[in-house]
Trainee: 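Quick one: this structure, given as structure tokens, is what I'll be asking you about.
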Amino acid sequence: MSLDFRRTHHCGELTDVHIDQTVTLCGWIHTRRDHGGLIFVDLWDKHGITQVVLNPQIDKLAHQQAQSLRNNYVIGVRGAVRPRPEGMVNTKLRTGQIEVYIDDLIIFNKTKTPPFSPWEAQEVSEAIRLKHRYLDLRSDELQKNLHQRYAITRVVRNVLDRQGFIDVETPMLTKSTPEGARDYLVPSRLNPMCFYALPQSPQLFKQILMVAGMDRYFQIVKCFRDEDLRQDRQPEFTQIDLEMSFVDEGQIFELVEELISEIFRQVVGISLERPFPVLKYQEAIDRFGSDKPDTRFGLEIVDVADAVRGCDFKVFAQVLESGGQVRALNIKQSTETLSRKALDDLTEVAKTYGAKGMAWIKVQPNELQSPIIKFFKQEMLDNLLKKTGAEPGDTLVFIADTPKVVADALANIRLAVGRKFNLIDESKIGITWVTEFPLFEHDAAENRWAAMHHPFTAPRDQDLDKLDEAHAAHLRARAYDLVLNGNEIGGGSIRIHQMEVQEKMFQLLGIGPEEARQKFGFLLDALQFGAPPHGGIAFGLDRIAMLLSGAASIRDVIAFPKTQKATCLMTQAPSEADARQLKELRLKFDLS
RNA sequence: GGGGUCGUAGUUCAGUUGGUUAGAACGCUGGCCUGUCACGUCAGAGGUCGCGGGUUCGAGUCCCGUCGGCCCCGCCA
């Protein structure tokens, strides 16, 4: 680039204090307005927009050149900063008090007509925007999101550095592990028939770094999981990962609360109340039906089993007989607004999560209106109203099923109602810890126990001697999640630091000694060579960035995200490998 | 693996009960224009109606299949 056009300022900073200075600006043409005799160009860079003026009376040649300029051209301009004439100040621009009279101009690059302009108000389909991501990334929204994402990681590095953490990189080419998500596999040319796996998280390495005496480790690191995508899930995503030695939950909470509070304070100017509230897992499930409850509104779940036990409504009776639950939500003052259609919609929500149906009672001023009312004795109904605190105008909705279905269905009905009736105060921050997770969950399909968090999570001390099949259902883990506005933004645990415990854990998970040795030998070895007590947590950076920026999708805070089919529309990845590569890797396809 | 939804000009959309030459806005190209900032104004170009098959005298429209985007269930320790 010609030194003549080395920038003196960027496009967002010139104000009346710069008047009469000669400046050089570079950027993209945001808008060109050609008045024939006079040409205005709004020059854009990521800092802002400056209006430059090409006037043949100032410089005939520059004005002539400017006639060939088009939107999105990349140019450099030089000229004098002048105040705008009386009445011509543009209050919408930070630089609106001034304009630059150009006497020299260079076109660095022309452009094909772009499929869309990053600055036009019209919404463009995401597929087109993803294909031309470099254009979309020029938009105000994505610029803001990526800058804000960087602001978050900067705070993380500063806070953790201050707290004595060091950033240690861990391998991307590593070992496939059983359990958890599907791995992305990478074939090894030097070791035919062998594969690396991309890390689902640096979990084991960070534990081993604790054995290595690193004391406090963190990393902002890519993780890979070959599972189906969602609005808040990408196959490669970024964790803020950290681990500490010689700590318990309390110390980790304290550190994390400082970290999260600093992020909120510095990035969005919100100060959070500390300490953060703590919900036990079971309480979260009972009250909200979810282990990631949105605590910004009430509408809590009520157990009505006692009130309806013995009723003639077969659905309820049978569910209770077979050990299930009957639970309800009281939707306050909704008999008018909750139409038949709206109730049907809520029933559909319930069915999505496995419920067979949804019963309801509208509490009208002088009567109860419901298809199921006839199955209940008056005493039961009185009890029901009392338990749910129902008053005239309220609607009760019921789900009767297994505990899991009841929780899932009511949790999602609750969210749907919360949105429908605007019960969610968007100005609030609903942040909470969820603790005391079950250690195991039962995998019905394979009829075995699986680790709810991961197999390296420590049981509570009082459960250490109960690590067997008989107790498995009741054991609880020293695990914790951090939940923000109904989203899980982080999770972690105190880890097992003794080999005997880890071996028992594997055994209960159905991982035999041989398999454990083969898959996790290195961890078991490390645990025998002086592993300190340790624990940590990992946060979903993308999710945090999404929530803080108000983005609709995790894709909007990732520079080059993938589609729901895990492809990149810009690079066309993944794509077929050529025959030579496959031969070197000794790979052949079985297309049967 | 399953459910939903969308696909028409570069872009965003409209397109009636299946009917003859598929429209609008923005963008683009050219002309005019010295105070615009979503400049204005006049003119113009621009279509594999995602793709394939079927029904029909006739398909953007109906049917089947398929590809792709998005949302959801399952899955995601």
Trainee: At under 4.0 Å between heavy atoms, what does A/Glu99 touch on the DNA or RNA strands: base, sugar-phosphate, or nothing?
Mentor: base
Trainee: With sugar-phosphate meaning primed atoms plus P, OP1 and OP2, does A/Ile49 contact a base, only sugar-phosphate, or nothing at under 4.0 Å between heavy atoms?
Mentor: nothing
Trainee: Within the 4.0 Å heavy-atom criterion, would you say A/Tyr353 contacts the bases, only the backbone, or no part of the nucleic acid?
Mentor: sugar-phosphate
Trainee: With rounding to the nearest 0.5 Å, note down the distance linking CG in A/Asn55 to NE2 in A/His35.
Mentor: 12.0 Å
Trainee: Do A/Arg230 and B/G74 share a donor-acceptor pair, side chain to base, under 3.5 Å?
Mentor: yes
Trainee: Please report, rounded to the nearest Å, how far the C1' atom of B/C28 is from the CD atom of A/Glu120.
Mentor: 12 Å
Trainee: Measure the distance from CD on A/Gln231 to P on B/C76 and round it to the nearest whole Å.
Mentor: 20 Å
Trainee: If you measure from the C1' atom in B/G35 to the same atom in B/A22, how many Å do you get, rounded?
Mentor: 42 Å
Trainee: Rounded to the nearest Å, what distance is computed from the CG atom of residue A/Asp34 to the C1' atom of nucleotide B/G30?
Mentor: 12 Å
Trainee: Just so I know, are the side chains of A/Val100 and A/Val53 near enough to count as touching, which here means a heavy-atom distance under 4.5 Å?
Mentor: no
Trainee: Select base, sugar-phosphate, or nothing to describe what A/Gln57 touches, counting heavy atoms under 4.0 Å on all strands.
Mentor: base
Trainee: Classify the nucleic acid contact of A/Pro115 as base, sugar-phosphate or nothing, counting any heavy atom under 4.0 Å across all strands shown.
Mentor: sugar-phosphate
Trainee: Using a distance-only criterion (donor-acceptor N/O pair, under 3.5 Å, no hydrogens), is the base of B/G27 paired with the side chain of A/Asn71?
Mentor: no
Trainee: May I have the distance from A/Arg555 (atom CZ) to B/C71 (atom C1'), rounded to whole angstrom?
Mentor: 9 Å
Trainee: What contact category does A/Phe506 fall into here, base, sugar-phosphate, or nothing, at under 4.0 angstrom with non-hydrogen atoms?
Mentor: nothing
Trainee: In terms of side-chain heavy atoms, does A/Gln219 have a donor or acceptor partner in A/Thr170 at a distance below 3.5 Å?
Mentor: yes
Trainee: Under a plain distance cut-off of 3.5 Å, with no hydrogens placed, do A/Asn447 and A/His442 share a side-chain donor-acceptor pair?
Mentor: yes
Trainee: Rounded to the nearest Å, what distance is computed from the CG atom of residue A/Leu38 to the P atom of nucleotide B/G35?
Mentor: 7 Å
Trainee: Determine the Euclidean distance between corresponding C1' atoms of B/G47 and B/U41; express it in Å to zero decimal places.
Mentor: 28 Å
Trainee: Could you check whether A/Glu126 gets within reach of a base, just the sugar-phosphate, or nothing at all, counting any heavy atom under 4.0 Å?
Mentor: sugar-phosphate
Trainee: Students often get this wrong, so: under 4.0 angstrom with heavy atoms, is A/Arg129 touching a base, only sugar-phosphate, or nothing?
Mentor: nothing
Trainee: Do A/Gln51 and A/Arg33 get their side chains close enough for a donor-acceptor pair, meaning under 3.5 Å?
Mentor: yes
Trainee: Using the C1' atom on both, measure B/C71 against B/C37 and round to a whole Å.
Mentor: 39 Å
Trainee: Across the strands shown, which category fits A/Phe116 at heavy-atom distances under 4.0 angstrom: base, sugar-phosphate, nothing?
Mentor: nothing
Trainee: With P as the reference atom in both, quote the distance from B/U66 to B/G2 in angstrom, rounded to an integer.
Mentor: 10 Å
Trainee: Rounding to a whole Å, what distance do you find between A/Asn55:CG and B/C37:P?
Mentor: 18 Å
Trainee: What nucleic acid atoms does A/Ala451 come within less than 4.0 Å of, heavy atoms only: base, sugar-phosphate, or nothing?
Mentor: sugar-phosphate
Trainee: Is the backbone N or O of A/Cys11 less than 3.5 Å from a side-chain atom of A/Thr50, with the two atoms forming a donor-acceptor pair by type?
Mentor: yes
Trainee: Quickly work out the A/Arg233 CZ to B/C73 C1' distance and round it to whole Å.
Mentor: 11 Å
Trainee: Do the side-chain N and O atoms of A/Asp183 and A/Gln200 include a donor-acceptor pair separated by under 3.5 angstrom?
Mentor: yes
Trainee: Please report the distance, rounded to the nearest Å, between CZ in A/Arg32 and P in B/C26.
Mentor: 17 Å
Trainee: Return the nucleotide paired to B/C33: Watson-Crick means purine N1 to pyrimidine N3 with N6-O4 or O6-N4, wobble means G-U with N1-O2 and O6-N3, both under 3.5 Å.
Mentor: none
Trainee: Under 4.0 Å, counting only non-hydrogen atoms across every strand here, what does A/Thr457 touch: a base, just sugar-phosphate, or nothing?
Mentor: nothing
Trainee: Pick base, sugar-phosphate or nothing for A/Asn90, based on heavy-atom distances below 4.0 Å to the nucleic acid.
Mentor: base
Trainee: With a 4.0 Å cut-off on heavy atoms, is A/Arg84 in touch with a base, just the backbone sugar-phosphate, or nothing at all?
Mentor: base
Trainee: Please state the C1' separation for the pair B/U11 and B/G53 - nearest whole angstrom.
Mentor: 31 Å
